[in-house]
Amino acid sequence: MKARVHITLKNGVLDPQGKAIQHALSALGFDGVDDVRQGKYIELDLQETNPAKAEAAVEEMCKKLLSNTVIENYTIEIE
Amino acid sequence: MKARVHITLKNGVLDPQGKAIQHALSALGFDGVDDVRQGKYIELDLQETNPAKAEAAVEEMCKKLLSNTVIENYTIEIE
Amino acid sequence: MKTAVIVFPASNCDRDMIVALEKITGHKPHIIWHQDEEIPPVDLIALPGGFSFGDYLRCGAMAARSPVTKKVIEHADRGGNVIGICNGFQILTETGLLPGALMRNESLKFVCKDAALRVENSDTPFTNAYSEGQVITVPVAHHDGNYFADDETLKAIEGEGRVAFRYVDDAGQMTKASNPNGSRNNIAGIINRRKNILGMMPHPERLIDDVQGGTDGLGFFQSMINAIN
Amino acid sequence: MTPKIKWNNNVNITPALVKEHGLSDDEYALCLKILGRTPTLTELGIFSVMWSEHCSYKSSKLHLKTLPTKAPWVIHGPGENAGVIDIGDNQAIIFKMESHNHPSYIEPYQGAATGVGGILRDVFTMGARPIANMNALRFGAPDHPKTRHLLSGVVEGIGGYGNCVGVPTVGGETNFHSSYNGNILVNAMNVGLADQDKIFLSAAAGIGNPVIYVGSKTGRDGIHGATMASTEFTEDTEEKRPTVQVGDPFTEKLLIEACLELMSTDMVVAIQDMGAAGLTSSSVEMASGGGVGFAFNLDMVPQREEGMTPYEMMLSESQERMLIVLKPGREAEAKEIFDRWDLDFAVIGVITDTGNLTLTFKGEIVADIPTQPLADNSPEYDRPWVKTAPKADLKPADVAAPEDMKQALLKMIGSPNLCSRDWIWQQYDTQVMADTIQKPGGDAAVVRIHGTNKAVAITTDCTPRYCHADPFEGGKQAVAETWRNLTAVGATPLAITDCLNFGNPERPEIMGQFVGCIEGMREACIALDYPVVSGNVSLYNETNGTGIHPTPAIGGVGLFKDSSKMVTIAPKAEGEILILIGETRGHLGASLYLDVMEGREEGRPPPVNLALEKKNGDFVRVQINEDRISACHDISDGGLYVALAEMVMASEIGMDITIDNGNTPLHAYAFGEDQGRYILSVSPEYRDEVLRNARADGVTAQVIGKTTGASLTLTAADPISMSELIGTHQNWMPDYMSID
Ligand SMILES: Nc1ncnc2c1ncn2[C@@H]1O[C@H](COP(=O)(O)OP(=O)(O)O)[C@@H](O)[C@H]1O
Ligand SMILES: [Mg+2]
């Protein structure tokens, strides 16, 4: 099965990339963008066929490697 | 409204990050991960309240700045 | 002083660190590959700069989870000295040995230039050869050196005198223009509470010989010799 | 599950298909003759890439052969992956420059990054540890809508790759000109260090020896237009794939370490990187070079994507791959090294005595080509050319004096082609490996030979406006300028590499530019005893019939036996005496002054008198090496005043200058680009000795002022303060780049 992981910065953590994008957008004439946040999107192809087990495994992966829990949150979707 | 943009590498484009993540996962003992692809996830807060207009604007932003259309695809969700 | 340098795939300042340690201690450091299970007993472990694992995912993330890093943590827990320069600093924050995180530079660009640093605390094993408030010039070369910690953590670090170096201008003033990467409070390097671990973005190992344009990095290594011998 | 392969190698080879593969009728006829039959599709692809301009040098070979390539210190000249020169103590410097122009225009970050990766492989494949990167860049006019984006991406890509592999990028050059609006130039150079008894070549040998593939897996990257054309034959209806190659500097770093480790053993017979045309050109070169055949089982090639065809595997330009011939029975030992570095390792074939490249795929032979004729009989053209018409001379009197000399100088140093390149090189790690002893900003970069007192000096130069006005003089000047820049830091120039960037060679005017530049280069190389040891040609840099300015970028390498002799452009103290070496006639033809102040591109370029060039340079080098000089700067773009301003900015010490311009109008004297000139800064105690030595050598030398204070005071100009000077010089590029 496939897992999709979104990794986003926690509230209050500064996001230089998001800020730079917002700035560049306004310089390009895109008005009305109040905020931009950039995160990561990771797709995993798993051999596991049991959704609950897959989710548990990906949760472990997020904790152990994919996210830095000091600054990041993650969400997992299994399909 | 909020726009969520996913930017992923086109099919066939080498993804060194994904490859390295897959490798690191297996070194950490996570078996059964066949493939990993890494992309970007961007959230935008827009002043626009009309979904169609918002989508059109974000589409333009993707083309002009957010994605590198030579090697990346993007998808947009408006909510 | 016995030392060890840990080498991860795509570490690339390992040789510079080895050369500096050998020159200053008179002994060749042990060179430890990231898959090695053991680190011989040493006074100091150095995590060198570079792009361990390509800096993919997050700088230092994969190195922080390498087998050998467990041994580094054990060494630190026993009170052993550890330094992390540049990528080494990123690894130390990823392991949790040092607080905070190193984010992408505010400019989003890699930055390589000489940076003036003010020594904020000279009462550490890594800075005792400098005097407090002294301004030294040391090169930085990084893409992700923008030090972040939340307000509470930052307050603790500052309150406990754990900022080792800060980016300043030539006159020693902390200014926005002298901050090469957007670090909070212009932080260039920090130590842990026990004062046996230091992480810093600038590269003292690149400045130990006159032909390199200066020797401001020497004091860094001299400090450790003072502390350990 | 792997999809069922519907690959059909025996498609009908139609004239249209041949044409799509870029083969002319004559070329295809030769291909039929070599094979004695109709090619398979895979074979057609192989002929097509091997005989492309890029791989075969068919338009340029004839002329390249005229370049001098020999000197007692040359160990390997052109023909190997890179040039090799002797620097004593059993050590060698290995270097080459290469273009990645087209890919960088399409995708600036990845194009430039993979350009760096490619040139690194050319150097380490010979057994060298890369020690320095250089980059010669040309962009369109600053006001062209694409320029900012291209500059930003290219610089980021060069840094992104070089910084990660841990090789310092120590210098280069950057020009802006509208002729590059549709065709930017990204030329990357690498310099490596090897032991002379550990130099590896690509000629394969030893019937039965295993052929090994190492590095990244093969994907469908960079397969040329030809593939697009062939999709209809593969019955493969996938989305059209981008042909952009993505670089993986992490893998490259591992590959460098693993290959150098392998080469430190005695297992390697031959080794070759997979560059342009990937597996095809590497295997053909290795086999034909050794007069042997290769038999590959393509099923063994590590593949990144499913359902790859032999055609795709042979033409793929996936990065970070090498082909190695091992001694027999050493596979397991070698594999251990690559396993430790987490790199793919596959035995894909053996050496045969057939002389053929024989490819098997799924049990079927899909190609069987004699490699010798394929490599040796590659087409060679004597393309028609016409000599570039000489430009009229431009007299100083034909150019108006500026209203205000001070403002003129500020305008010059704040112009796109003369302003500081800080914004660029701050994105490069210029110091990793801790041996950089002269960083960007001076005349040449200097990198210490690790653990010794020796050092190499490196520079890249070319003045395309001169080449455009007069290819012969321009070619001469490009070589001479590198020689001068190496001399200016005190090094002994040894040899050059080149990257010859031109428009469409099928146009006689362009071919004339090419021939002219080569002739000029040749004269300069001979006169300066400064051979060409490697190089690269990039043609067809042309859009809608408008070619780029002819741009023969030259990379020069020089040596210090004692690196403590090195000088920079920064005077060391106040009170030093400034001495101008060489003759100043006030040549404003094809000058930057004419361009910046009047927007004109006219006139003959300044001629290079090679005998004078050599005399002046040798004199300067001796003075430096005998410790009489505290700073030295050659005079190039922008002339004398610009060079003085650069010295002031580098040292942050002012100058007081008094010019005796005789009959020459002052602005021509100040901004003219006469060749073969230097400014020396000497402490007063050496002043007379230097002047005396100059007189004895017949070198023109005159005192023009001294270092003093904190501003630059020039004849007929208001004093310019340090902050005004530095601000003007440094601000243009960051300001330009901050406009999104
Ligand atoms: N793309 C670049 N990368 C690194 N350094 C550069 C680049 N472009 C220019 N430089 C540096 O800027 C300085 C000035 O360049 P240039 O004007 O071409 O020098 P010169 O006139 O002496 O040949 C040199 O030190 C050169 O190495
Ligand atoms: Mg110069």
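Every chain is numbered from 1 and lettered A, B, ... according to where its sequence line falls, protein lines coming before strand lines.
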Using heavy-atom distances under 4.5 Å, tell me whether B:Leu28 contacts chain C through its side chain, its backbone, both, or neither.
side chain
Using non-hydrogen atoms only, which part of B:Ala20 is less than 4.5 Å away from chain C: side chain, backbone, both, or neither?
both
Is a side-chain donor-acceptor pair under 3.5 Å present for C:Gln90 with C:Asp144?
no
Taking all heavy atoms of C:Leu198 and all of C:Leu92, pick out the closest pair and write down the distance.
O-CD1, 3.6 Å
Donor-acceptor check, side chain of C:Asn192 to backbone of C:Leu98, threshold 3.5 angstrom: yes or no?
no
Tell me if the aromatic rings of B:His23 and C:Tyr56 count as close, with their centers under 6.0 Å from one another.
no
If one checks every heavy atom of B:Gln17 against chain C at 4.5 Å, the contacting part turns out to be both
